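All remarks here apply to the structure that follows.
This is a predicted model, so every value here is computed, not measured. Numbered from 1 within each chain, the chains take letters A, B, ... in sequence-line order.
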Amino acid sequence: MTGSTHAHADAPHEPVFVGKVREQLDALFPKYPTKQACLLPALWMVQEARGWISPAAMAEVADVLGLTPAYVRGVATFYTMYHLHPVGRHFIQVCGTSPCHLCGSDDVLKAILKATGCGELGATSADGRFTVVEVECLGACGFATPILIDDDFHDSVTPERVAGILARYP
Amino acid sequence: MGYPHPPHPKETVVLSKYFGDAEARTFDGWVKRGGYEALKKALGMTPDAIIEELKASGLRGRGGAGFPTGLKWSFMPKNDGKPHYLVCNADESEPGTFKDREIMRWTPHQLIEGCAIGAYAIGAETCYIYIRGEFTEPWKVMTAAVAEAYAKGALGGNVFGSGKRIDIVLHRGAGAYICGEETAMMNSIEGKRGNPRIKPPFPAQAGLFGMPTTINNVETLSSTSHILTRGAAWYKGLCLSNPKSTGTKLFSVCGHVMRPGNYELTMGFPMKDLIHDLAGGMRPGRRLKAVIPGGSSVPIMTAAEAEAALCDYEGIVEKGSMLGSAGFIVMDDSTDMVYEIWRLAKFYAHESCAQCTQCREGTAWTTKILERILRGQGKKEDLDLLLDLSDQMTGRTICVLSDSCAAPIVSGIKKFPEEFEAYLSRAKAPALAAV
Ligand SMILES: Cc1cc2nc3c(=O)[nH]c(=O)nc-3n(C[C@H](O)[C@H](O)[C@H](O)COP(=O)(O)O)c2cc1C
Ligand code: SF4
Ligand code: FES
């Protein structure tokens with residue numbers, strides 16, 4: 001499996017764990033009794049640096065933590081927030097679970113899909129600007145509908161507010 | 001306090017007193033408000049004395065199960081020479097629940113102080129706070145507060161000159177509801193897939209990294225400082241009905257109410273007042289139809305059951321559900337119960353870690369059958385099939401996610417049969433397009 005995914009990695013891999021990022025990771029090691037415990041933080045660092053986690057990056061993570069690439073892949077695929085494919089410049093997560101659904105999250109989602117030009121869930125807009133996904137409860141149900149754009153949490157979003165919010169993400 | 005709303009006179013504001021007060025986020029601001037006195041007091045007590053105080057207070061876990069906190073702490077081995085760990089559960093992903101988020105956003109030092117007290121009491125030098133990946137703002141606030149606590153000597157190798165070491169490490173989740181389950185969380189911190197573990201061994205024997213571990217919810221740990229400063233008797237006295245439910249609790253109210261928010265109430269408060277008074281009641285012209293009180297993982301209550309219930313562990317059980325994490329999902333008479341139950345089943349199907357057959361298959365199949373009903377393609381036997389599947393999903397799996405999926409389905413069919421019948425008899429137009 002890992003062999004075939006390697007073959008699909010198009011651009012040559014520039015190492016992530018050099019310079020500042022390497023220092024960041026090294027600073028984490030003493031906080032845990034095992035290196036493996038730094039796996040989730042290391043994957044976050046990759047995503048922060050590259051926008052997504054490529055198979056080659058997983059191999060690099062495996063190498064710096066003393067794990068196998070297959071193991072890293074097995075863990076990375078368990079967690080929904082890691083992007084295992086490139087996504088748009090801005091990644092939008094819209095809550096759609098019952099409490100928000102009761103408060104009209106469907107309309108917010110529709111408005112976002114339309115305004116971004118994404119059209120459908122999981123797709124990236126033609127200009128590469130946005131990817132939109134529906135997610136489960138964001139832990140802010142009293143502020144329906146919450147959405148996350150990249151690392152920014154927006155509370156109480158309504159269809160009317162969508163255009164104004166998106167304008168802040170060129 | 002139902003931030004962003006001002007405190008309601010019927011609230012008993014302890015944990016939420018400083019919600020919305022930005023100065024309380026800083027170390028100095030927290031100290032000015034009486035913060036860190038409890039930790040200093042704790043460091044002068046023996047761990048056993050702290051545990052006894054918590055036992056006497058009656059504090060029970062606020063993460064969902066309501067297990068007595070002092071008793072949980074007393075399970076940790078003594079003088080065993082092994083490292084001990086405290087894990088703070090800040091994964092808050094239970095639909096309807098949004099209280100831990102506000103504690104971290106507004107009063108990060110309240111949580112840090114509680115974690116330090118807990119760590120000292122169970123003989124741990126390290127506390128990992130596992131914050132769900134989507135909580136970007138709480139993460140930033142907590143990161144700044146932890147750094148400040150180190151700088152001021154409230155954490156580190158010599159906490160407030162006591163010679164005790166207490167470290168707090170923030171660990172970021174990455175999108176998985178199941179990591180809120182305590183043993184799944186331990187696997188996740190260890191750099192593994194978030195699969196719950198078979199118990200025994202229990203965490204107090206072999207938990208995080210195989211070492212004795214205690215895991216507590218954000219609100220539970222945040223309550224401990226108030227108990228130490230004001231005393232167990234004061235806390236125990238905060239009780240309006242059953243002496244087994246003490247203290248104040250943050251009740252998250254969402255859905256069809258005019259003023260959704262977190263309301264801090266003394267245990268035993270009437271649910272009717274919470275919904276119709278504090279949370280502002282229904283929108284004009286609407287009537288209350290149903291409430292799911294414990295986050296989504298508990299049985300649905302009818303309006304009559306909800307309006308007769310007292311908000312504490314026993315009071316809600318008496319009326320056919322459970323307090324759980326106290327995330328109240330309120331639904332008015334415009335709600336399509338079948339649709340919302342389907343949406344919840346879909347949530348559980350998405351979040352199942354897929355280790356157990358009953359859960360993996362059961363959550364997927366119940367979702368499909370509910371979908372079929374909503375498409376107007378349901379069959380007469382479907383309700384029996386759903387009940388039968390739910391029965392298979394209950395009490396047979398490694399963790400209770402599977403039971404959680406079954407609870408709203410079974411109670412929904414029992415309490416709102418006419419809504420299912422309306423789809424099955426084709427009297428109601430399909431809510432989902434046929435495929
Ligand atoms: C599927 C599942 C999800 C859970 N999610 C959470 C959660 O998000 N936050 C939490 O505090 N407890 C959660 N729990 C409960 C924890 O397993 C554990 O009981 C709790 O953190 C213990 O803390 P307490 O005694 O202070 O309540 C969950 C349990 C299950 C089975
Ligand atoms: S019940 Fe479901 S979520 Fe829990 S361990 Fe089994 S498969 Fe995983
Ligand atoms: S259901 Fe949307 S934030 Fe909880």
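With A:His90 as the partner, the side-chain hydrogen bond (donor to acceptor under 3.5 Å, both in side chains) test is satisfied by one option alone out of A:Asp150, A:Thr116, A:Thr131: A:Asp150. Across B:Asn217, B:Asp100, B:Thr97, a single residue satisfies side-chain hydrogen bond (donor to acceptor under 3.5 Å, both in side chains) together with B:Ser325, and that is B:Thr97.
Salt-bridge check for A:Glu136 with B:Arg343: passed, with a basic side-chain N closer than 4.0 Å to an acidic carboxylate O. A salt bridge is absent between A:Arg50 and A:Glu60; no separation between the charged side-chain nitrogens and carboxylate oxygens falls under 4.0 Å.
Between B:Ser16 and B:Glu102 there is no side-chain heavy-atom pair separated by less than 4.5 Å.
With a 4.5 Å cut-off on non-hydrogen atoms, A:Ala140 touches chain B through its backbone and its side chain both. Within the 4.5 angstrom heavy-atom criterion, only side-chain atoms of A:Leu148, from C-beta onward, approach chain B. Proximity to chain A is absent for every atom of B:Val257, based on heavy atoms less than 4.5 angstrom apart. For B:Ile168, no part lies near chain A; criterion is any non-hydrogen pair under 4.5 Å. Contact annotation for A:Phe143: only side-chain heavy atoms (C-beta onward) come within less than 4.5 Å of a heavy atom of chain B.
Ring orientation note: the planes of B:Tyr177 and B:Phe347 are nearly perpendicular, at an angle over 60° on the 30°/60° scale. Relative ring orientation between B:Tyr130 and B:His171 is described as parallel, the plane-to-plane angle staying below 30° on a 0-90° scale split at 30° and 60°.
Note: B:Glu340 leads B:Glu351, B:Glu92, B:Glu340 in heavy-atom pairs under 4.5 Å with chain A. In terms of heavy-atom pairs under 4.5 angstrom with chain A, the leader among B:Gly255, B:Ser252, B:Cys353, B:Gly194 is B:Gly194. Chosen from A:Leu39, A:Val135, A:Val75, the residue pairing most often with chain B at heavy-atom distances under 4.5 Å is A:Val75. Ranked by heavy-atom pairs shorter than 4.5 Å toward chain A, the options B:Ser296, B:Gly173, B:Gly175 are led by B:Gly175. Chain B forms more heavy-atom pairs under 4.5 Å with one residue of A:Ala42, A:Cys38, A:Cys141 than with any other, namely A:Cys141. Between chain B and the options A:Thr34, A:Thr77, A:Thr97, the largest number of non-hydrogen pairs under 4.5 Å is found for A:Thr97. Note on B:Ala174, B:Gly133, B:Ala279: by heavy-atom pairs under 4.5 Å with chain A, the leading option is B:Ala174. Of the listed residues (B:Trp342, B:Phe209, B:Phe135), the greatest number of heavy-atom pairs within a distance under 4.5 Å of chain A belongs to B:Phe209.
Nearest heavy-atom pair across A:Leu65 and A:Phe29 is CD2-CE2, 3.6 Å.
To the nearest 0.5 Å, atoms OG1 (B:Thr136) and CZ (A:Phe153) are separated by 6.5 Å.
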